[in-house]
Structure formats: C-alpha cells, structure tokens
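Because the structure is a prediction, the values reported are computed rather than measured.
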Amino acid sequence: MKLLISPAKKMDRDTDTLPWRDLPALLERTERLLEHLRGLPLPALKGLLACNDGLAELNFRRYREMDLRRDLTPALLAYEGIQYRYMAPQVFTTEQYEYVQAHLRILSGFYGLLRPFDGVVPYRLEMQARLKTGFCASLYDFWGPALAEELTRDGERVVLNLASEEYAKAVRPHLPSDVRWVSPVFGEPAGERVVEKGVHVKMARGEMVRFLAETGGETPEAALAFDRLGYRYDPERSGPDRPVFLKEHRKGEEREGWN
C-alpha cells in the first residue's frame with residue numbers, strides 16, 4: 001500500500017536533523033520547469049504563484065540561485081503545513097522512518113512525486129498554478145501519466161489517498177484500472193450529510209500517517225482502526241473504498257485547530 005499526501009506551501013531548509021538519501025526520481029523534468037521559471041520576470045512569476053510581493057521576490061531569488069543537487073533537505077522534513085505538524089516526522093523512530101520511506105509518497109507541482117528522504121530545496125509552485133508554456137498547457141499536462149507510473153513502478157496496486165483533490169487529480173486519472181484507490185473522508189455529522197472542514201481534515205490526514213507508521217499498517221483495512229483527534233470509523237456512512245471517519249463534539253468542547 002502506498003500513502004499519498006499533498007505538499008505544503010511553507011517550506012524550510014534543514015540539513016542537520018537527518019541526511020537526504022536520493023535525488024527525486026523525476027528530477028530531469030524538474031530541471032525543465034526550473035529553466036522556465038528562471039526566465040520569468042518578477043511580475044509574471046508573481047502572477048503565476050498568486051502570492052504577495054514579498055513571497056514573489058523571495059521565490060524570484062530562489063529560482064535564480066537554486067541548486068537542485070546541493071544543500072538538500074529530506075522532503076519529509078522540508079514541508080511545514082498543518083498535515084506535517086500533526087504527522088510530526090521529527091520524532092519518528094527509526095522503524096517509522098523506514099515505514100514511511102517504503103509506503104509514503106508526497107506529490108509536488110515542482111518535483112512531481114517524492115519519497116520521504118528525497119533531497120529537495122524550498123520552492124513555491126502549486127499544482128493548480130496557471131502554468132502555460134510552449135511545452136505544456138498546465139502542470140497537470142506537464143506531469144501527465146508520469147506521477148502514476150512512478151507511484152506504481154514497484155508493482156503497487158493499492159493507494160490510500162490522503163492528498164487534497166488539487167493533487168489527487170494529477171494521479172488518479174492515469175492509474176491502471178486494477179489499482180485500488182481508497183480515499184478516506186474525515187468529517188462531522190450534519191443530519192444526513194457529512195461536513196468536511198479544511199483545517200480538521202489536514203490534521204486528521206497527518207495523524208493517520210503517524211497512526212499507520214506507528215502500527216505498521218499494510219492495508220487500507222488497517223486504517224479503519226484510526227481513532228485519534230476524536231474520529232471513529234462509521235461503517236454505515238462508508239462506501240466501497242470511501243471509509244468515513246466522524247468526529248463527534250460534546251457541548252462546550254474546544255474545537256482543536258480553530259482557536
């Protein structure tokens with residue numbers, strides 16, 4: 001089973017905690033993107049990244065100075081979003097690091113598909129960025145089937161999707177028909193509906209990666225025992241390959257992540 005997660009916008013460089021092991025598998029494609037990004041004037045880059053002046057200037061400098069083979073950070077430690085904070089990889093055991101190296105894959109608009117110990121540098125490029133060049137109509141077009149091919153290169157035929165739709169749709173349409181795609185839902189009951197709230201979903205996805213790393217889960221069925229952050233598996237609301245985890249709140253309970 002492969003666990004699939006999104007990257008985070010915020011990144012940091014950490015060359016001290018743990019060494020990186022490999023260069024990203026699709027680095028040649030990344031180099032082509034980098035060449036294009038280096039050629040963009042600052043206003044065009046700001047428009048592409050849809051960010052403020054400070055972030056645009058930071059990434060304008062980054063792309064011009066970027067070395068994809070030196071002073072690298074393991075991808076798992078490079079991202080700093082909510083999902084990664086709840087995963088808390090900095091305090092994994094050796095066995096948990098080996099579990100995620102074998103099972104976890106991180107999607108990226110810039111790098112494509114990353115193993116946890118692939119070496120990366122800080123960048124900003126979301127998969128939905130409106131990148132239109134002479135060699136692609138979008139990043140989805142640029143990566144095409146390459147991400148799905150890399151994900152299943154070792155013969156893997158089960159994917160537990162913990163990525164956002166923005167990133168999941170870069171992979172799902174290209175998977176062979178015999179690949180099982182399982183997408184958990186983390187929500188709260190609202191009558192007959194299940195309501196998903198963005199911050200809570202990110203928290204739960206990170207916690208589920210940690211749960212599976214701690215328990216050594218090898219199948220999607222192993223994830224059904226997930227019981228953290230107040231979530232419980234609800235078989236009645238679940239469907240085939242769509243396990244639903246509901247979070248019940250008691251009256252007066254503080255809602256973690258919203259304060």
Side-chain angles (χ1 to χ4, degrees), residues 1-8 79 81-84 86-87 99-100 102-109 112-116 126-128 139-140 143-190 192-213 215-248 257:
M1 175 175 70
K2 289 293 190 295
L3 315 178
L4 200 60
I5 64 174
S6 303
Y79 296 105
I82 294 172
Q83 182 172 6
Y84 292 83
Y86 277 79
M87 192 193 319
Y99 175 90
V100 293
H103 294 277
L104 184 66
R105 297 295 180 265
I106 304 168
L107 290 165
S108 164
L113 191 74
L114 293 163
R115 295 159 294 194
E126 296 179 64
M127 189 67 77
Q128 63 186 1
L139 281 171
Y140 296 104
W143 290 114
L147 308 185
E149 290 171 359
E150 190 61 33
L151 183 65
T152 58
R153 185 174 301 281
D154 60 0
E156 183 59 69
R157 285 298 180 267
V158 180
V159 178
L160 184 68
N161 173 45
L162 298 171
S164 66
E165 180 59 19
E166 173 190 352
Y167 285 90
K169 68 182 183 181
V171 175
R172 189 176 58 240
H174 303 288
L175 288 171
S177 60
D178 64 337
V179 172
R180 183 183 177 195
W181 177 271
V182 182
S183 280
V185 173
F186 301 97
E188 300 177 20
E192 296 299 314
R193 299 184 303 119
V194 174
V195 177
E196 296 181 90
K197 297 181 178 179
V199 173
H200 286 177
V201 171
K202 291 177 182 179
M203 291 159 54
R205 286 169 173 167
E207 279 282 359
M208 179 164 276
V209 173
R210 167 163 282 281
F211 171 79
L212 291 169
T215 58
E218 295 286 344
T219 67
E221 287 67 33
L224 302 185
F226 178 74
D227 59 356
R228 301 184 179 180
L229 300 179
Y231 287 97
R232 297 291 187 277
Y233 172 61
D234 186 333
E236 294 185 2
R237 297 188 191 237
S238 298
D241 297 333
R242 184 181 176 273
V244 174
F245 297 85
L246 291 184
K247 183 181 182 76
E248 297 279 359

More than 12 heavy atoms of other groups within 6.0 Å of R242 CZ: no
Separation of [Y] [atom2] from [X] [atom1] (nearest 0.5 Å):
X    : Y    : atom1 : atom2 : value
L151 : L175 : CG    : CG    : 6.5 Å
I106 : Y167 : CD1   : OH    : 11.5 Å
L160 : H103 : CG    : NE2   : 11.5 Å
S164 : Q128 : OG    : CD    : 8.0 Å
E192 : R237 : CD    : CZ    : 6.5 Å
K247 : E188 : NZ    : CD    : 7.0 Å

With sequence neighbours excluded, tell me which residues meet side-chain hydrogen bond (donor to acceptor under 3.5 Å, both in side chains) with [X].
X    : answer
D241 : R180
R153 : E150
R172 : E165
T152 : none

Side-chain contact, heavy-atom cut-off 4.5 Å: [X] with [Y]?
X    : Y    : value
V171 : R105 : no
T219 : V158 : no
M203 : Q83  : no

Qualifying residue for ring pair (Phe, Tyr, Trp, His ring centres under 6.0 Å) with F211, from F245, Y231, Y86, F226: F226
Donor-acceptor under 3.5 Å ([X] side chain, [Y] main chain):
X    : Y    : answer
Y233 : P243 : no
S238 : V244 : yes
Y99  : G217 : yes
E156 : M1   : yes
R205 : M87  : no

Shortest non-hydrogen separation from [X] to [Y] and the atoms involved:
X    : Y    : answer
M127 : S108 : CE-O, 3.6 Å
P173 : A168 : CD-O, 4.4 Å
P145 : H174 : CA-CG, 3.7 Å
D234 : E236 : OD1-N, 3.0 Å
L107 : A163 : CD1-CB, 4.2 Å
G81  : A8   : N-CB, 3.3 Å

Side chain to side chain contact (heavy atoms under 4.5 Å, CB included) between K169 and Y140, worked out: CA-CA 8 Å; K169 68 182 183 181; Y140 296 104; 3.2 Å; yes
Under the salt bridge (charged side-chain N to carboxylate O under 4.0 Å, His left out) test, residues paired with E166 that sit two or more places apart: none
Member of I5, L4, V182 meeting the side chain to side chain contact (heavy atoms under 4.5 Å, CB included) criterion with L162: I5
side-chain contact (heavy atoms from CB on, under 4.5 Å) partners for P240, two or more places apart: none
